[in-house]
Amino acid sequence: MKFRSLRHLLMPVFAFLTASAMPASAGETHLSFGFRSVDNHEDAEIYARRITDRRVGPLNLAYGGALTEEGAVWVGVGLQRDWVLSGPWYVSASVMPGLRDRGGGPDLGHTVQIRSGLEIGRQFGAGALGIGIDHISNAGLGEDNPGSNALFLRYRLPVR
């Protein structure tokens with residue numbers, strides 16, 4: 001099978017990542033909705049991330065995918081860490097290198113894009129609700145590196 005673009009490869013991967021039949025290991029699924037901005041261009045984004053129980057020191061292995069309103073697709077694998085604050089409050093940070101197909105969205109200068117994020121949230125029963133920011137950048141791999149910032153609202157679903 002021949003793929004006409006990276007998008008034809010990434011779309012099935014994104015569908016797999018966001019499907020309800022995720023692995024039955026301990027961990028969490030994070031669903032986010034946000035608005036991404038680059039050079040005065042805004043685009044709504046849906047982002048699903050799976051935090052696994054596999055660890056590298058204090059960090060958890062994570063993988064995820066995002067799809068924007070204008071058809072840009074991003075998939076990546078990286079590391080995530082939570083810190084418990086007072087009571088039910090937490091802070092979370094992540095870094096995930098990945099691949100991006102721009103679709104109808106802005107050109108970010110390279111197919112490889114690194115997503116880094118920071119979130120603050122509160123546990124509610126088995127789930128949690130957070131607000132955060134993230135940044136996607138090609139880290140200088142491309143000649144042009146405009147980067148893209150997002151403000152998002154995230155819901156965390158526990159998976160057992």
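Atom set for the values below is all heavy atoms of this structure, side chains included, hydrogens, waters and symmetry mates excluded. All figures in this text were calculated on a predicted structure; none of them were measured in a lab.
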Measure across Val38 and Gly147 and return the closest heavy-atom pair with its distance rounded to 0.1 Å. CG2-O, 2.8 Å
Within the distance-only criterion (no hydrogens, no angle test), does the side chain of Asp43 pair as donor or acceptor with the backbone N or O of Thr68 below 3.5 angstrom? no
Stepwise side chain to side chain contact (heavy atoms under 4.5 Å, CB included) test for Val84 and Val91: CA-CA 7 Å; Val84 176; Val91 171; over 6 Å; no
Would you give the length of the straight line joining atom CD of Glu28 to atom CD1 of Ile51, rounded to the nearest 0.5 angstrom? 7.0 Å
Measuring only between side-chain heavy atoms, which start at C-beta, is Leu61 closer than 4.5 Å to Val56? no
In Å, rounded to the nearest 0.5 Å, how long is the span from CZ of Arg54 to CG of Leu79? 13.5 Å
Within-4.5 Å side-chain heavy-atom neighbours: Trp74 and Tyr47: yes
Given the rule that I, L, V, M, F, W and Y join up when any side-chain heavy atoms are under 4.5 Å apart, are Phe35 and Ile133 in one cluster? no
Which value, rounded to the nearest 0.5 Å, describes the distance between Phe33 atom CZ and Ile46 atom CD1? 7.0 Å
Side-chain heavy atoms nearer than 4.5 Å, only ILVMFWY residues, links allowed to pass through others: does that put Ile136 and Leu141 together? no
Side-chain donor-acceptor pair present, Thr111, Asp101, cut-off under 3.5 Å: no
Do Ser92 and Gln80 have side-chain N/O donor and acceptor atoms under 3.5 Å apart? yes
Minimal non-hydrogen separation, Ser137 against Ala139, with atom names: OG-N, 3.0 Å
Calculate, to the nearest 0.5 Å, the distance between atoms CZ and CD1 belonging to Arg122 and Ile120 respectively. 12.0 Å
Should Phe124 and Ile131 be counted in the same cluster of Ile, Leu, Val, Met, Phe, Trp and Tyr side chains packed under 4.5 Å apart? no
Under the side chain to side chain contact (heavy atoms under 4.5 Å, CB included) criterion, do Val95 and Ile114 qualify, and how do the steps go? CA-CA 7 Å; Val95 62; Ile114 300 167; 3.8 Å; yes
Consider only side-chain N and O atoms of Arg156 and Ser32, and report whether a donor and an acceptor are under 3.5 Å apart. no
State yes or no: do Leu129 and Trp89 share one hydrophobic cluster built from I, L, V, M, F, W and Y residues joined by side-chain heavy-atom distances below 4.5 Å, directly or via other members? no
Is it true that the side chains of Arg49 and Ser94 contain a donor and an acceptor less than 3.5 Å apart? yes
Answer whether the closest heavy-atom distance between the side chains of Asn149 and Asp134 falls below 4.5 Å. no
Determine, step by step, whether Glu45 and Arg115 satisfy the salt bridge (Lys or Arg N to Asp or Glu O under 4.0 Å) criterion, reporting the C-alpha distance in whole Å, the side-chain angles of both residues, the deciding distance to 0.1 Å, and the verdict. CA-CA 13 Å; Glu45 178 182 69; Arg115 180 184 291 257; 3.1 Å; yes
I need the His135 NE2 to Ser116 OG distance, nearest 0.5 Å. 6.0 Å
If you compare all heavy atoms of Met96 against all heavy atoms of Gly64, which two are closest, and at what distance to 0.1 Å? CE-N, 3.5 Å
Can a donor-acceptor pair be found, under 3.5 Å and without considering hydrogens, that links the side chain of Trp83 to the backbone of Tyr90? no
Asn138 side chain vs Leu108 backbone, donor-acceptor pair below 3.5 Å: yes
Indicate yes or no for a side-chain donor-acceptor contact from Thr29 to the backbone of Leu157 under 3.5 Å, with no hydrogens or angles considered. no
Let me see the working for Asp107 and Asp144 under side chain to side chain contact (heavy atoms under 4.5 Å, CB included), right down to the final yes or no. CA-CA 9 Å; Asp107 182 5; Asp144 190 26; 5.6 Å; no
Over all heavy atoms of both residues, which pair between Gly109 and Pro146 is shortest? Give the atoms and the distance, please. N-CD, 4.5 Å
With the threshold set at 4.0 Å, does a side-chain nitrogen-carboxylate oxygen contact exist between Arg36 and Glu70? no
Can you name the nearest heavy-atom pair linking Pro97 to Gly78, along with the distance? CD-CA, 4.2 Å
Salt-bridged, Glu119 to Arg81, with N to O below 4.0 Å? no
Mind checking whether Tyr63 and Val77 have side chains closer than 4.5 Å, heavy atoms only? yes
For side chain to side chain contact (heavy atoms under 4.5 Å, CB included), just list the numbers for Val112 and Leu99, CA-CA rounded to whole Å, side-chain angles, deciding distance to a tenth of an Å, and then say yes or no. CA-CA 5 Å; Val112 174; Leu99 301 175; 4.0 Å; yes
